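To start, the structure itself, in C-alpha cells.
Values below: every heavy atom of this structure, side chains too, minus hydrogens, waters and symmetry copies. All figures in this text were calculated on a predicted structure; none of them were measured in a lab.
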Amino acid sequence: MRDYCYYKEVCTGLPMPFAFVDLDLLQQNIQSVLHLANGKKVRIASKSIRSVDVLRRILEANAQFQGIMCFTVPEALYLAQQGFTDLLLGYPAMDARLLGSIAMHQREGRSITLMVDCETHVEQAETAAAKYGVRLPLCVDIDMSIDVPGLHFGVWRSPIRSTAAALGLIERIAQSKHVMLDGLMGYEAQVAGLGDHVPGQTMKNAIVRLLKRRSIREAAARRAELVAAIERLGIPPLRFVNAGGTGSLHTSSVEPAVTEVTAGSGFYSPGLFDHYRDFTLLPAAGYAIEIVRQPRGDLYTCLGGGYTASGAAGSDKLPRPYLPQGTALLAMEGAGEVQTPIRYNGLEELKLGDPIFMRHSKAGELCERFAHLYYISNGSIVGKTTTYRGDGLCFL
C-alpha cells in the first residue's frame, strides 16, 4: 500500500488541487475485476470513469473487456467518434432529436443500443428509426429489486418486475419493423452498490448480507426464467444478457443465463468500496488539496475539497481524507466548498503548503471536478490525460 511520503514526493510541484490515477494500482484492480468476472465478458460503465484515455487503457488491457455502458446519448455519440464500439445506453432516452442522432448513426453503419422498459420508449425509438429508414437495437431493462415487509430493497429503475411484463414488451418489439431486441439488462444495485462490511455496523452488516443473499437468488431465478421464456417464443437469440456491477461481479457472473457483466467503480475503487466482505480493491484514484491554514496544533485547513458524491445525503457521501494516516474530517464542517478543515493525529510533520490526499466516496463525480488526471507509476508522474470536463464536455 502507498504511504503519504510516496505520493507527496511524486507530486511535488504540482499545483493543487489536482486529481490522479495510480496506474500500478489501476492495473491490479483490472486484474481483480477480471478474476471476479469468472471468465465472462466485462462491459465498462463509463459513468464511473469519465475519461477517454482511461476507458481505452482498460479496454486494451484484456480481450475480456468488451463494450461500454454509456449514460447519455451525447456521451455515446462522442465515444463513437473516438472509435469506441459496442455501446449500450444504460438509461432510456426520450429526446426525439437525440434519438434521431442515434438513427443517423445507425444509418452510417454504426450501432448504439438503446435502453427501454416501457412501450413509450419503444414507440419513441420506432419513430426515429422509421424517419431515417433504419432498425434500431433495443435492450430491455428488468427490475432486480426485492420487496420484504416494510422495505423495498433495491433502487427504483425499471417498472418491469415480472416475466409476463417483460414478455409483453419483448413481443411488442418483435412485431416492429423498426426496432429489434438486442439484449437484456438487470442491475442488482442492492448487491452491487451496498457495502456489507462497514466498521461499527455489525447488526446492519448482518441484515444487509441476509438481504443480499436473497436478492442474488431471486435475480438469478428471474433472469433464467425470462431467458428461457424468450427462447420458447422463437425470437432470434439475444446478443447479450447483462448483469451486475462491481459489487456483484462475483455472483452475477456465475449465472448461466448471463453473458456479460458490468464494472466501473472497481477500477478507481472509491471510498464506498472499502467495505465489502467478499473482495478487496485498491485505491487507484484520488485528489490532493493544499494546507493553507493551521488554526490549532492538530487542525489543518485546506483549500477546496468539498467534492460530495450523489445519492441520499449522509456522511458516507463525503470525500475521505486518505493520507497521511490519522486524518479525519470534522463532523460540524465536513468537506467545504472553498475550505476543508482536517484533524490530524499522526507522525508526519505537516506544514503550510503540504498536500492532504483525499478519496472520493463514489467514482463517477471525481472527474467532473477536474479537467485532468495525472498518471503515477513506479514513483513518478508518467503522464497526464483529460477527463470529459477537460475535453470541454458535460454530459449529465
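- Using modelled atom types, one finds no donor on one side chain facing an acceptor on the other under 3.5 Å when comparing Thr301 with Gln294.
- Under the 4.0 Å criterion applied to side-chain N and carboxylate O atoms, Arg157 and Asp117 are not assigned as salt-bridge partners.
- Between the OH atom of Tyr268 and the OG1 atom of Thr246 there is a distance of 12.5 Å, given to the nearest 0.5 Å.
- Thr340 and Glu333 form no side-chain donor-acceptor contact under 3.5 Å, judged by distance and modelled atom types alone.
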Kindly indicate, with the supporting measurements, whether the criterion side chain to side chain donor-acceptor pair (under 3.5 Å) is fulfilled by Ser269 and Asn29. CA-CA 8 Å; Ser269 190; Asn29 286 341; 4.9 Å; no
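- The two residues Cys367 and Thr387 make their nearest non-hydrogen contact at O-OG1, 3.4 Å.
- The environment of Arg209 atom CZ is dense: over 12 non-hydrogen atoms of other residues, nucleotides or ligands sit within 6.0 angstrom.
- Between the side chains of Arg369 and His360, no donor-acceptor pair is found at a separation under 3.5 Å.
- We find the CZ-OG1 distance between Arg217 and Thr251 to be 12.0 Å, quoted to the nearest 0.5 Å.
- Annotation for His372: atom NE2 counts as buried by contact number, over 12 foreign heavy atoms lying within 6.0 Å.
- Side chains of His275 and Asp196 form no contact here, defined as non-hydrogen atoms less than 4.5 Å apart.
- Two residues are said to be in side-chain contact when any heavy atoms from C-beta on lie closer than 4.5 Å; Ser46 and Met69 fail this criterion.
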Let's go through Thr113 and Leu89 carefully: what are the C-alpha distance in whole Å and the side-chain angles of both, what is the deciding distance for side-chain contact (heavy atoms from CB on, under 4.5 Å) to 0.1 Å, and is it a yes or a no? CA-CA 6 Å; Thr113 301; Leu89 277 173; over 6 Å; no
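- Contact check for Leu350 versus Tyr4: side-chain heavy atoms found under the 4.5 Å cut-off.
- Taken from SG in Cys394 to CZ in Arg50, the straight-line distance is 8.0 Å, to the nearest 0.5 Å.
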Decide yes or no on side-chain contact (heavy atoms from CB on, under 4.5 Å) for Leu184 and Arg223, but give the supporting numbers first. CA-CA 9 Å; Leu184 296 177; Arg223 268 190 284 263; over 6 Å; no
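- Checked against the 6.0 Å centroid threshold, Tyr307 and Phe370 count as a close aromatic pair.
- Contact check on Lys40 versus Glu260 returns no salt bridge, with no Lys/Arg side-chain nitrogen under 4.0 Å from an Asp/Glu carboxylate oxygen.
- Heavy-atom contacts from other residues, nucleotides or ligands closer than 6.0 Å to CG of Asn378 number 12 or fewer.
- Surrounding CD of Gln325 are at most 12 heavy atoms belonging to other residues, nucleotides or ligands under 6.0 Å away.
- Ring pair Tyr375/Phe20: centre-to-centre distance not below 6.0 Å.
- Listed for the Asn205 side chain is a donor-acceptor partner under 3.5 Å among the backbone atoms of Gln201.
- Stacking of Arg2 on the aromatic ring of Phe357 is not recorded, the 6.0 Å distance cut-off and the 45° axial limit not both being met.
- Between Phe273 and Tyr276, the gap from one ring centroid to the other is short of 6.0 Å.
- Here Tyr132 contributes atom OH and Gln106 contributes atom CD; the two are 13.5 Å apart, rounded to the nearest 0.5 Å.
- For Glu337, the CD atom is loosely surrounded, since the number of other residues' heavy atoms within 6.0 Å does not exceed 12.
- Heavy atoms only, all atoms of each residue included: Leu138 and Ala125 are closest at CD2-CB, 4.0 Å.
- Closest of all the heavy-atom pairs between Ile342 and Cys302 is CG1-SG, 4.1 Å.
- Here the CG-CD1 distance, from Leu25 to Ile30, works out to 11.0 Å after rounding to the nearest 0.5 Å.
- Arg359 and Asp274 get closest at one heavy-atom pair: NH1-OD2, 2.8 Å.
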Expected list for residues 163-173: side-chain donor-acceptor pairs under 3.5 angstrom, two or more places apart:
residue : atom : partner : partner atom : Å
Thr163  : OG1  : Glu225  : OE2          : 3.3
Arg172  : NH1  : Glu126  : OE2          : 3.0
Arg172  : NH2  : Glu126  : OE1          : 2.6

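- Nearest heavy-atom pair across Met115 and Gly90 is CG-O, 3.9 Å.
- Under a 3.5 Å cut-off, the side chain of Ser248 and the backbone N or O of Gly245 do form a donor-acceptor pair.
- A cation-pi arrangement, defined by a distance under 6.0 Å to the six-membered ring centre and an angle within 45 degrees of its axis, is absent between Arg57 and Phe267.
- Remark: side-chain polar atoms of Thr259 are paired, donor with acceptor, to backbone N or O of Val241 under 3.5 angstrom.
- Between Asp298 and Arg296, at least one side-chain nitrogen of the basic residue sits less than 4.0 Å from a carboxylate oxygen of the acidic one, meeting the salt-bridge criterion.
- Checked by atom type, the side-chain pair Glu368/Tyr388 shows no donor-acceptor distance below 3.5 Å.
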Would you please test Arg222 and Glu218 for salt bridge (charged side-chain N to carboxylate O under 4.0 Å, His left out) and show each step? CA-CA 6 Å; Arg222 201 174 302 177; Glu218 291 196 14; 3.6 Å; yes
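- One distance of note links CD1 of Ile68 with CG of Leu59; it measures 5.0 Å at 0.5 Å rounding.
- Electrostatic pairing of Lys41 and Asp86 does not count as a salt bridge here, judged by no charged N lying under 4.0 Å from a carboxylate O.
- Between the side chains of Arg161 and Ser145, at least one donor N or O lies within less than 3.5 Å of an accepting N or O.
- Other residues, nucleotides and ligands place more than 12 heavy atoms under 6.0 Å from the NE2 atom of His152.
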Run the numbers on Asp316 and Ser361 for side chain to side chain donor-acceptor pair (under 3.5 Å), then give the verdict. CA-CA 7 Å; Asp316 61 327; Ser361 176; 5.9 Å; no
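- For the residue pair Val148 and Arg214, the shortest heavy atom distance occurs at CG1-NH1, 3.2 Å.
- A side-chain N or O of Asn38 and one of Ser253 form a donor-acceptor pair less than 3.5 Å apart.
- Of the possible donor and acceptor atoms, one in the side chain of Asn62 sits under 3.5 Å from a partner among the backbone N and O of Gln64.
- Between Arg56 and Asp53 there is no salt bridge, since no side-chain N of the basic residue sits under 4.0 Å from a carboxylate O of the acidic one.
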Could you walk me through whether Leu77 and Leu87 pass the side-chain contact (heavy atoms from CB on, under 4.5 Å) test, one step at a time? CA-CA 9 Å; Leu77 292 170; Leu87 303 176; over 6 Å; no
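- No side-chain heavy atom of Leu249 sits less than 4.5 Å from a side-chain heavy atom of Phe279.
- The aromatic ring centroids of Tyr322 and Tyr287 lie 6.0 Å or more from each other.
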